[in-house]
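Worksheet: the structure to be examined is printed underneath.
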Amino acid sequence: MYKISKKSEYFLYKYLNAYSPTGNEVDAQKIWMKYIEQYSDSIETDNYGTVVGVINKKKTFKIVIEAHVDEMTWYVNYITDDGIIYVAGRGRPLTHSKRVNIHTKNGIIDGLLPYKTPTFIDIGASNKKEVENLGVNVGCMVTYPDDFFIMNNKYFVGRALYNKIGGFIIAEVMRLIKEKNVVLPYGLYVRNSVQVGKSIYNPNIAIITDVCHDTSISSFDKKINGDVKSGLGPVINYSPSIHNNLREQIIFIANKNNLSFQRLVLPDAYYNNGVISALISIPIRYMNTTVEMANKKDIENCIHLMFEILKNIDINENFKYLENHLY
């Protein structure tokens, strides 16, 4: 059974603590890229910062395993004459009574976000000119400074587990493949994306990692949101876009290796254009906050499961739901 090593845990610590505001994930991606370089035949990047580790590029059959990297981000939207800064976000809830980081060309400026409504940031400036002299302007990104830590020796806690934990999972899967000298009969593309689902590789198969809500807490209605709990295993998802035969292969491999898993129905579509795809999620608590929590055991089981999938998946299987017949 796979267990997270101290070396891998240190990589996760650095990766989660690196800033990755949506639209500027460069710092985190540099750490991720450096880690997978030793396990890749080659590295590819795109114009927006997506990083792909490649094994067996010359193989015509292609499998992509994918995650995406970003974190809660807001933009400076308006500066008052008195030096108060207002922000625009991505629709995620803002946490008040917090310190924030304003990312400027001169470096990070400390700020305070005292109230949830109205939402503004105070950097101790007396007027707009002083704010601008510090390098803060409309369009500067704003993030939280909260660091990653391990709670009760079983929960990973941080501000960006959604979905950097997926990036950690696919990096570890690639490491296992290389270190255990697994020979793959296909090309493997390990893609840490800044725009999930927009692959340029046109893969034959795509296996996506993401997160979902732990519905055992708070006010989730399980009749609507499903019954998912941290610590009971990764989540295998059902939706119209997820390929039934691939999902059943994944369930078979999980059962064969005595790996616990959960099931969840989702309306989301991750890959289109006929790509055979599946989605495996990690249940987390307090999504879109600075204290997102994921159970270490779920992450370890997900890494083990994906490793076994890539070792044992039958690329010669006819995945078509229907056969062509001449009448």
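The residues of the chain are indexed from 1 along the displayed sequence.
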*Can you name the one residue among I208, N192, I169, I170 that meets side chain to side chain contact (heavy atoms under 4.5 Å, CB included) with I65?*
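Exactly one candidate clears the test, I170.
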
Would a distance-only check, ignoring hydrogens and angles, find a side-chain to backbone donor-acceptor pair under 3.5 Å from [X] to [Y]?
{"X": "S277", "Y": "I242", "value": "no"}
{"X": "T73", "Y": "T22", "value": "yes"}
{"X": "Q29", "Y": "G49", "value": "yes"}
{"X": "K178", "Y": "Q38", "value": "no"}
{"X": "R191", "Y": "H68", "value": "no"}
{"X": "S40", "Y": "I43", "value": "no"}

_Plane angle bin for H243 and Y321 - parallel if under 30°, tilted between 30 and 60°, otherwise perpendicular_ =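 Judged by the thresholds at 30° and 60°, the geometry between Y321 and H243 is tilted.
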
*So is K62 actually on top of Y186's ring, under 6.0 Å and inside 45° of the axis?*
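No, K62 and Y186 do not form such a contact.
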
Partner set under side chain to side chain contact (heavy atoms under 4.5 Å, CB included) for [X], not counting sequence neighbours:
{"X": "P114", "value": "F120"}
{"X": "N24", "value": "P21, V26, M141"}
{"X": "N258", "value": "none"}
{"X": "N56", "value": "D41, K59, L184"}

List for me each residue that meets side chain to side chain donor-acceptor pair (under 3.5 Å) alongside [X], sequence neighbours excluded, and say none if there are none.
{"X": "N237", "result": "S281"}
{"X": "H213", "result": "none"}
{"X": "K57", "result": "E44"}
{"X": "T104", "result": "none"}

*Just do the ring pair (Phe, Tyr, Trp, His ring centres under 6.0 Å) check on Y15 and F168 with the steps written out, would you?*
CA-CA 8 Å; Y15 178 50; F168 173 72; 8.1 Å; no

*With sequence neighbours excluded, tell me which residues meet salt bridge (Lys or Arg N to Asp or Glu O under 4.0 Å) with K98.*
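If we apply the salt bridge (Lys or Arg N to Asp or Glu O under 4.0 Å) test to K98, skipping adjacent residues, the hits are D146.
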
_All salt bridge (Lys or Arg N to Asp or Glu O under 4.0 Å) counterparts of K296, not counting sequence neighbours_ =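 Counting only residues at least two positions away or on another chain, K296 forms a salt bridge (Lys or Arg N to Asp or Glu O under 4.0 Å) with E9.
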
*When the aromatic ring centroids of Y86 and W74 are compared, is their separation below 6.0 Å?*
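No: the rings miss the under 6.0 Å criterion.
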
*Given the side-chain rings of F307 and Y2, with only the six-membered ring counted for Trp, is the space between their centroids under 6.0 Å?*
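No; Y2 has its ring centre 6.0 Å or more from that of F307.
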
*Could you tell me whether the side chain of I205 reaches within less than 4.5 Å of the side chain of V64, counting heavy atoms only?*
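No, their side chains stay 4.5 Å or more apart.
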
*Would you check if L12 and F156 make a side-chain contact, meaning some heavy-atom pair closer than 4.5 Å?*
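Yes - at least one pair of side-chain heavy atoms lies under 4.5 Å apart.
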
*Using 4.0 Å as the upper bound for N to carboxylate O, is an ion pair formed by E292 and R285?*
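Between E292 and R285 there is no salt bridge, as every charged N stays at least 4.0 Å from the carboxylate O atoms.
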
*Considering only NZ, NE, NH1 and NH2 on the basic side and carboxylate oxygens on the acidic side, decide whether E172 and R175 come within less than 4.0 Å.*
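Looking at R175 together with E172, the answer is yes, because their closest N to O distance falls below 4.0 Å.
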
_Flag for Q249-D314: side-chain donor and acceptor within less than 3.5 Å_ =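 Side chains of D314 and Q249: no pair found under 3.5 Å.
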
Enumerate donor-acceptor pairs with a distance under 3.5 Å from any side-chain N or O in residues 123-131 to protein atoms, sequence neighbours excluded.
unit_1: N127; atom_1: OD1; unit_2: K129; atom_2: N; d: 3.2
unit_1: N127; atom_1: OD1; unit_2: E130; atom_2: N; d: 2.9
unit_1: E130; atom_1: OE1; unit_2: S126; atom_2: N; d: 2.8

*Looking at K164, R159, E25, which hits side chain to side chain donor-acceptor pair (under 3.5 Å) with S20?*
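The option that passes is K164.
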
*Looking at residues at least two apart in the chain, or sitting in another chain, which of them share a ring pair (Phe, Tyr, Trp, His ring centres under 6.0 Å) with Y39?*
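In terms of ring pair (Phe, Tyr, Trp, His ring centres under 6.0 Å), with neighbours along the sequence ignored, Y39 is linked to Y35.
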
